[in-house]
Amino acid sequence: MNQQQFEKMKNGKGFIAALDQSGGSTPKALAAYGIGEDAYTNAKEMFDLVHDMRTRIITSPSFDPDSILGAILFEQTMDSKIEGLYTADYLAEKKGIVPFLKVDKGLADESNGVQLMKPINDLDETLRRANERHIFGTKMRSVIKKANPEAIKEVVDQQFEIGKQILAAGLVPIIEPEVDINSSEKEQCEEILKAEILNQLDQLNENQNVMLKLSIPTQKNFYKELINHPRVVRVVALSGGYSTEVANEKLKENDGLIASFSRALSQDLNVNQSDEEFNDTLNRAVQSIYEASV
């Protein structure tokens, strides 16, 4: 583990940029950017276009390490290059930004009010390659929609079981059991979820440190115990479908919680913007999210 990057993630001011749209969400991300499905005919062309979009974001002067602590990448982005460097190396060496990798394979079908992760059968190989590519940590997402105690326990157990495999490979896992912001039982879900996470954290040893990525809680400062837990490097919040403005306002109400936004970061960017327009638009988003995170 890179100790300098660990200290930055533990104590630095700023937020994490989520640039990890995968196969299922890539067409939506491109469409929001102004690139329709008629612009590509296969998966390779689609991923090349989204890498161009991510490259434009990452190389922008507005993608500023004084505001951005880390960036979460999709696997194909990890294996792609920016200005001759693998993306993680570009982030670390040229930007001073800590690279993370999305490692989950998507969500299983909903059962008992939750969506577990699909099996990650090639995780050991992915972690080996992540170390080769100088990745600092990983991210994996589940979804909770109903306040079902047994099902939520299953979500958290799966997250931490895989998290320990990631820790054993020398990487820091971002545990992400997302609570659906549209759930009619959101607050009850959060109560069960926090108890299960605390139970898992208390079983970790002093060399096992994780990050948490959670939906912004209904109750202000509800996750303070998690933020202050000795085994937690950082607790970050997903925007969960909120607009940038709404997500930022909710984030400001929670001391110590920082952003890890995707849509809220890039929602106003467009392929047809001039570089000046693009950089100004990105800068406004970066600064607004930064201010909500400190």
Side-chain angles (χ1 to χ4, degrees), residues 8 12-23 25-102 133-135 238-239 242-248 258-294:
K8 182 181 180 76
K13 290 184 178 182
F15 68 95
I16 296 177
L19 304 175
D20 59 329
Q21 297 93 346
S22 56
S25 55
T26 296
K28 291 181 181 178
L30 284 173
Y33 185 53
I35 298 177
E37 294 188 21
D38 57 347
Y40 49 89
T41 58
N42 54 50
K44 182 184 182 304
E45 291 179 359
M46 178 182 73
F47 285 120
D48 285 346
L49 286 168
V50 83
H51 184 63
D52 289 344
M53 180 186 76
R54 290 168 178 150
T55 295
R56 194 178 186 191
I57 292 171
I58 290 170
T59 57
S60 169
S62 300
F63 201 75
D64 178 9
D66 290 336
S67 302
I68 299 170
L69 297 173
I72 305 171
L73 308 175
F74 178 52
E75 190 171 344
Q76 288 184 248
T77 309
M78 176 184 74
D79 290 327
S80 300
K81 292 185 176 182
I82 296 176
E83 296 180 1
L85 294 172
Y86 283 110
T87 304
D89 291 331
Y90 185 92
L91 283 167
E93 296 174 18
K94 300 296 185 182
K95 289 284 188 169
I97 290 172
V98 180
F100 291 82
L101 176 68
K102 168 188 161 69
R133 294 281 183 263
H134 306 134
I135 296 291
L238 54 104
S239 51
Y242 292 128
S243 68
T244 306
E245 182 179 359
V246 172
N248 285 338
I258 68 171
S260 177
F261 292 170
S262 174
R263 190 184 320 177
L265 174 66
S266 60
Q267 66 178 22
D268 295 323
L269 301 177
N270 191 279
V271 65
N272 296 314
Q273 290 169 329
S274 68
D275 286 344
E276 183 178 2
E277 290 170 332
F278 182 92
N279 293 335
D280 286 347
T281 301
L282 180 59
N283 182 64
R284 285 193 297 273
V286 167
Q287 292 309 310
S288 69
I289 296 169
Y290 171 80
E291 288 167 9
S293 298
V294 297

**Student:** Please determine whether a side-chain nitrogen of the Lys or Arg among Arg56 and Asp275 lies less than 4.0 Å from a carboxylate oxygen of the Asp or Glu.
**Tutor:** yes
**Student:** Could you check Asp48, Asn42, Thr41 and say which one makes a side-chain hydrogen bond (donor to acceptor under 3.5 Å, both in side chains) with Lys44?
**Tutor:**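 Going through Asp48, Asn42, Thr41 one by one, the side-chain hydrogen bond (donor to acceptor under 3.5 Å, both in side chains) with Lys44 is satisfied by Asp48 alone.
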**Student:** Is there a side-chain contact between Leu91 and Val98, using heavy atoms and a 4.5 Å cut-off?
**Tutor:**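 Answer no - side chains too far apart.
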**Student:** Does some side-chain heavy atom of Ile68 sit less than 4.5 Å from a side-chain heavy atom of Phe15?
**Tutor:**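 The answer is yes; the side chains approach within 4.5 Å.
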**Student:** Any side-chain heavy atom of Leu269 within less than 4.5 Å of one from Phe278?
**Tutor:**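 Yes, their side chains come closer than 4.5 Å.
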**Student:** Say whether, by atom type as modelled, one donor and one acceptor occur between the side chain of Ser62 and the main chain of Asn279 under 3.5 angstrom.
**Tutor:** yes
**Student:** Side chains of Thr244 and Gln267: do they bring a donor and an acceptor to under 3.5 Å?
**Tutor:**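 There is such a pair between these side chains.
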**Student:** With a 4.5 Å cut-off on side-chain heavy atoms, are Lys8 and Leu69 touching?
**Tutor:**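 When only atoms from C-beta onward are counted, Lys8 and Leu69 do touch, with a gap below 4.5 Å.
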**Student:** Run through His51, Lys81, Gln76 and flag the one making a side chain to side chain contact (heavy atoms under 4.5 Å, CB included) with Thr87.
**Tutor:** His51
**Student:** Nearest 0.5 angstrom please: Glu276 CD to Thr281 OG1, how far?
**Tutor:**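 It is 10.0 Å, given to the nearest 0.5 Å.
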**Student:** Can you find a heavy atom in the side chain of Ser260 that is under 4.5 Å from one in the side chain of Leu238?
**Tutor:** no
**Student:** Do Leu101 and Asp20 come within less than 4.5 Å of each other through their side chains, counting heavy atoms only?
**Tutor:** no
**Student:** Got a second to check how far Tyr290's OH is from Asp66's CG, nearest 0.5 Å?
**Tutor:**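 These two atoms lie 7.5 Å from each other.
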**Student:** Taking Lys95 for the side chain and Phe63 for the main chain, is one N or O donor matched with an acceptor at less than 3.5 Å?
**Tutor:**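 Confirmed, Lys95 side chain pairs with Phe63 backbone.
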**Student:** Using a 3.5 Å distance criterion without hydrogens, assess whether the side chain of Gln273 forms a donor-acceptor pair with backbone atoms of Asp268.
**Tutor:**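 Yes: the side chain of Gln273 pairs with the backbone of Asp268.
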**Student:** Just so I know, are the side chains of Phe261 and Asn248 near enough to count as touching, which here means a heavy-atom distance under 4.5 Å?
**Tutor:**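 Answer yes - side chains close enough.
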**Student:** Could you walk me through whether Arg54 and Val50 pass side-chain contact (heavy atoms from CB on, under 4.5 Å), step by step?
**Tutor:** CA-CA 6 Å; Arg54 290 168 178 150; Val50 83; 3.4 Å; yes
**Student:** Could you check whether atom CD of Glu277 has more than 12 heavy atoms from other residues, nucleotides or ligands sitting under 6.0 Å from it?
**Tutor:** yes
**Student:** Could you measure the distance from the CG atom of Leu282 to the CD1 atom of Ile57? Nearest 0.5 Å is fine.
**Tutor:**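 One finds 6.5 Å between CG of Leu282 and CD1 of Ile57.
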